[in-house]
Each structure stands twice: as C-alpha cells, then as structure tokens.
Amino acid sequence: MDIETRIRRRRRRGADQTLVLDYDLLNPAAHVSEPNGRGPIVERVLDHLDPAFDESLPSDVYVWGPPGSGKSAVVSALFSRLEAPATQPRTAIRTTTRAQSAELPRFVYVNARQANSEFKLYRHVLDGVTDGDAPTKGISTDDLVSELRSVLSEFVGAVVAVDHADEFEPSPTAVRSNLETLNDPISTVLVGRTPPSNVDGFGDIAEIEIPGYSQQVLIDVLMTRGSSGLTQDALAYDQSRRIAAWAGGNAHDALAALFSAAVIAEDDGVQKVRSEDVTAGIDTVPRGGTSLGVVLTLPSNRQRVLRAFLDLEADRRSTVTATTEAIADSARVDLSAGTVKRILYELADIGVFDRVTTDQTTGHGRPPSRLEPRFPTLPFQKLYEPH
DNA sequence: ACCTGGTCCCGGGCTCGGTTTT
DNA sequence: AAAACCGAGCCCGGGACCAGGT
C-alpha cells in the first residue's frame with residue numbers, strides 16, 4: 001500500500017463509511033505484495049529466472065493460465081521486488097580488467113494493456129529502466145529505440161516481463177520481435193491466458209502453466225482481502241465460501257463479487273456483508289466477463305463513455321442509437337454522436353459490452369440491438385476516476 | 001426497392017519533444 | 001533565451017460501404 005492509498009483511506013473514513021475501509025484493497029486489478037497460496041508458483045518462476053542471479057540471462061519463458069489464476073499477481077509481485085534494487089549486493093567477484101562490481105540484469109515489468117503498441121512497449125520499458133520520464137509522443141519510434149539502446153547498454157542485460165502479452169497489438173508475436181530489434185541481451189517473461197500452442201512463437205519457448213485457484217485458497221484470498229478492506233468481522237467465512245464456490249477458481253470474479261456485495265451492503269447502511277448482499281453482488285458480476293484490469297486501462301474518453309452509460313435509465317439503453325444520443329448529450333462526455341457510436345461498437349467488439357438483438361420490430365430496416373455491460377459495473381463506478 | 005443498423009477505414013487536428021531561427 | 005517551426009504518435013470525426021430486415 002502506497003502513501004497515497006493510506007491518505008485516501010483516511011480521507012474517506014468517517015462520514016458514512018462504516019463497512020468499507022478502502023475499495024482499493026478489494027480491487028481485483030490491484031495486486032498485493034504477497035499473493036495468497038501461490039508460493040509454489042513463485043518458486044517455479046524464480047527457478048526459471050535463476051541464471052539472472054548469477055550474472056547471466058535466463059531463456060525466454062511463457063507463463064500462462066486461465067483468467068484470474070494469479071498470473072499477474074505473481075509476476076507483478078515478483079518483479080516489483082526485483083525491479084527495486086538498482087545496486088546489487090556486492091560480491092567478491094570482480095573482473096580483472098575493470099574495477100567494477102558484478103552487476104546483475106535489470107528487471108522490468110510492463111503491462112501490455114497499457115503498452116499495446118510498438119512505440120508504447122519501448123516507452124514503458126524505458127520508463128521502467130529509468131525514472132519514468134520517457135516521452136509519450138513527439139519523437140519517432142526510431143529515436144525512442146536508440147534512446148532505449150543507449151540506456152540498456154549500461155547494464156549487463158535486462159529481464160522484461162510483459163504481462164497480458166497475448167493482448168499486444170498488432171500481434172503477440174510482435175512483443176518478442178520488437179524487443180529483439182533492440183539488439184540487446186534481453187530475456188522476456190511473457191504472461192498471458194492463451195495456451196502456447198495457440199500463439200505464434202510462444203509454443204517454442206519454455207512454459208510455466210498456472211492452474212486456477214483451488215476453492216480453499218480462493219477462500220483464503222477473499223478472507224485476507226476482506227479483513228484488510230472491510231471493517232472487522234464484516235465478512236463471514238460462509239460468505240467467502242459461497243463466493244469462491246461460484247467463482248470456480250477465478251480470483252478476479254471472486255473479488256469483483258465481494259467488492260460488489262460490499263458496495264450493496266454499504267449502500268444499505270449495514271455493518272456486515274449479509275447473505276443477500278452476496279447474492280446480489282454475485283448477480284451483478286458476469287462470470288468470465290471482461291476484467292476490471294481491461295476496463296480501467298482503457299483510454300480516458302472510453303472510460304467516460306462507460307461511466308456515462310451506467311448513468312442511463314433502462315429506456316435509454318433500449319437501442320444502440322438511443323444510447324448513443326443519450327451519452328452524446330451527457331455532461332460527462334464531450335464527443336460527437338458519431339464518435340460515441342463508434343466507441344460503443346468498439347467496446348462491444350472487445351467484450352466490454354454484449355450486444356443483444358432486441359425483439360423490437362419498428363417495421364423498416366435492420367433490427368437494432370442494445371448493449372449490456374459485461375464487466376463488474378459496481379467496482380468500476382467506485383474505482384473510476386476521471387482523468 | 002428501401003430503410004436502418006453495423007463495420008471499416010483514414011484524413012486531419014491536437015499535442016508533444018526536439019530543432020532551428022530570431 | 002525565446003519563439004517559431006517541424007515531425008511524430010494518438011485520437012476524433014465522419015464518410016463509404018455492407019448487413020439484415022420489411
């Protein structure tokens with residue numbers, strides 16, 4: 001938990017915040033520093049990275065598993081530790097030619113959901129290696145590459161973790177080929193949910209498969225998060241067990257359901273998460289839907305459109321056209337109707353909405369469809385921050 | 001034939017970092 | 001120094017076209 005989180009937590013306290021202490025601690029997309037029950041997997045990843053602790057580079061590896069199985073949790077927790085020490089513990093080994101202590105490779109974690117283009121990939125790697133002052137635009141990709149090359153040349157090599165690598169544009173394969181053009185000793189840890197046989201080039205490298213959470217571990221995850229994010233004893237074991245049973249090993253869905261149940265309970269002004277809150281919470285979370293991590297990393301205007309959508313009454317949601325007009329009129333967004341329409345269709349395309357064809361027969365023309373959110377809406381409303 | 005919804009694509013404007021000119 | 005300029009990536013707007021219905 002960073003300082004900002006701690007301060008926000010204090011600010012929110014008091015008033016009517018009696019049940020939920022901090023929504024961020026229930027956020028499925030925010031990972032904790034010590035993931036529950038994933039010790040053996042951490043160990044396996046570390047085993048593979050072992051050469052990096054001995055001044056050489058590990059081979060590339062693909063870490064994969066179903067959604068909500070803790071891939072990001074493990075890799076981001078691991079890399080946040082590994083990234084930190086720029087100066088390595090001094091060893092007795094010194095090269096004879098140079099009076100320079102043995103250096104270990106740099107570790108960098110990149111989220112391909114944010115870095116989903118060649119330019120952004122380089123930019124985020126550069127950000128991770130330096131202190132985050134890489135330009136966001138205004139320079140050419142080539143200039144960015146040479147900048148990155150010169151920075152990387154100061155290290156013996158780099159281990160780059162690319163989370164959600166299978167969501168990279170234009171193709172997952174491009175992650176590796178882009179990093180190869182840097183002509184630097186780079187080892188990649190690719191992370192994704194697509195089986196290696198279904199991604200070009202990912203089947204040729206080492207793999208670490210992560211299974212979904214067992215129900216017992218998932219209950220532990222829920223209880224741990226619940227006890228830090230909610231007031232004391234607000235979450236009963238039985239409620240966690242129900243959520244875990246429903247979530248079927250998907251920690252994202254489980255946490256989203258807990259989050260939603262907590263929102264509903266708090267809006268009702270109660271001190272504990274009741275069984276009915278869990279039922280209602282589960283009801284609002286689509287199983288296997290689009291994860292909050294995807295929704296919360298969308299460009300700001302798309303999130304605005306989404307937020308405006310959630311304000312709409314049911315009758316404004318009856319068709320895409322009606323929804324488009326309503327959102328274009330909303331004070332939350334400042335976009336033309338044409339753009340809103342395009343964004344809505346694009347969001348449906350990536351799975352943020354379901355398109356349901358209505359039975360409404362207006363007579364002429366192609367029958368319209370309406371949009372139904374396919375992501376955890378209550379957590380999104382709470383975590384959404386206009387920017 | 002005609003109508004409306006849905007898809008695809010790309011030109012141009014915006015904003016930024018770097019470079020040249022004043 | 002400061003200002004003007006330039007070229008880059010990203011996003012918005014919107015037109016052209018296709019799909020699916022009466």
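Letters A, B, ... mirror the listed sequences (proteins, then strands); counts begin at 1.
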Residue pairs involving residues 292-328 of chain A (criterion ring pair (Phe, Tyr, Trp, His ring centres under 6.0 Å); sequence neighbours excluded): A/F309-A/F353
Near DNA chain C, under 4.0 Å by heavy atom, which residues of residues 300-310 of chain A? A/N301, A/R302
If every non-hydrogen atom of A/V217 is compared with every non-hydrogen atom of A/N36, which pair is closest and at what distance? CG1-O, 3.9 Å
Any salt bridge (charged side-chain N to carboxylate O under 4.0 Å, His left out) involving residues 312-329 of chain A? Give me the pairs, sequence neighbours left out, ordered by first then second residue. none
Just to be sure I understand the geometry, which residues of residues 329-338 of chain A put a non-hydrogen atom under 4.0 Å away from DNA chain C? A/L335, A/S336
Please produce a list of atom pairs where a protein N or O lies less than 3.5 Å from an N or O of nucleotides 7-11 of chain B.
{"from": "B/dT7", "atom 1": "OP1", "to": "A/R355", "atom 2": "NH1", "distance (Å)": "3.1"}
{"from": "B/dT7", "atom 1": "OP2", "to": "A/R355", "atom 2": "NH1", "distance (Å)": "2.9"}

Residues forming a side chain to side chain donor-acceptor pair (under 3.5 Å) with A/E207, sequence neighbours excluded: A/W64
Please determine whether a side-chain nitrogen of the Lys or Arg among A/D311 and A/R307 lies less than 4.0 Å from a carboxylate oxygen of the Asp or Glu. yes
Would you mind checking if A/D253 and A/R287 are paired as a salt bridge, meaning a charged N to carboxylate O distance below 4.0 Å? yes
State which residues pass side chain to side chain donor-acceptor pair (under 3.5 Å) with A/E372; sequence neighbours excluded, sorted by chain then number. A/R370
With a 4.0 Å limit, can you tell me whether A/T141 has a side-chain N or O closer than that to the phosphate oxygens OP1/OP2 of C/dG9? yes
For the pair A/T181 and A/Y122, evaluate side-chain hydrogen bond (donor to acceptor under 3.5 Å, both in side chains) and give the outcome as yes or no after the intermediate values. CA-CA 11 Å; A/T181 61; A/Y122 296 139; 2.9 Å; yes
Begin from the C-alpha positions of A/D163 and A/R113 and carry the test salt bridge (Lys or Arg N to Asp or Glu O under 4.0 Å) through to its verdict. CA-CA 8 Å; A/D163 205 350; A/R113 281 176 180 159; over 6 Å; no
Please report the distance, rounded to the nearest Å, between CG in A/L344 and P in B/dG5. 14 Å
Listed once per pair and sorted, the ring pair (Phe, Tyr, Trp, His ring centres under 6.0 Å) pairs that draw on residues 167-201 of chain A, sequence neighbours left out: none
Looking at A/E34 and A/R81, does any basic side-chain N land under 4.0 Å from a carboxylate oxygen? yes
Side-chain ion pair, A/D60 and A/R176, N-O less than 4.0 Å: yes
In residues 116-124 of chain A, what residues come within less than 4.0 Å of DNA chain C, judged by heavy atoms? A/S117, A/F119, A/K120
Among residues two or more places apart or on two chains, list those pairs meeting ring pair (Phe, Tyr, Trp, His ring centres under 6.0 Å) that have a residue in residues 239-272 of chain A. A/Y23-A/F259
Each nucleotide in nucleotides 13-20 of chain B should get exactly one letter: B, S or -. Can you fill that in based on protein heavy atoms under 4.0 Å? --BBBS--
The criterion is side chain to side chain donor-acceptor pair (under 3.5 Å); which residues satisfy it with A/E147, sequence neighbours excluded? none
Between A/D47 and A/R44, is the closest basic N to carboxylate O distance under 4.0 Å? no
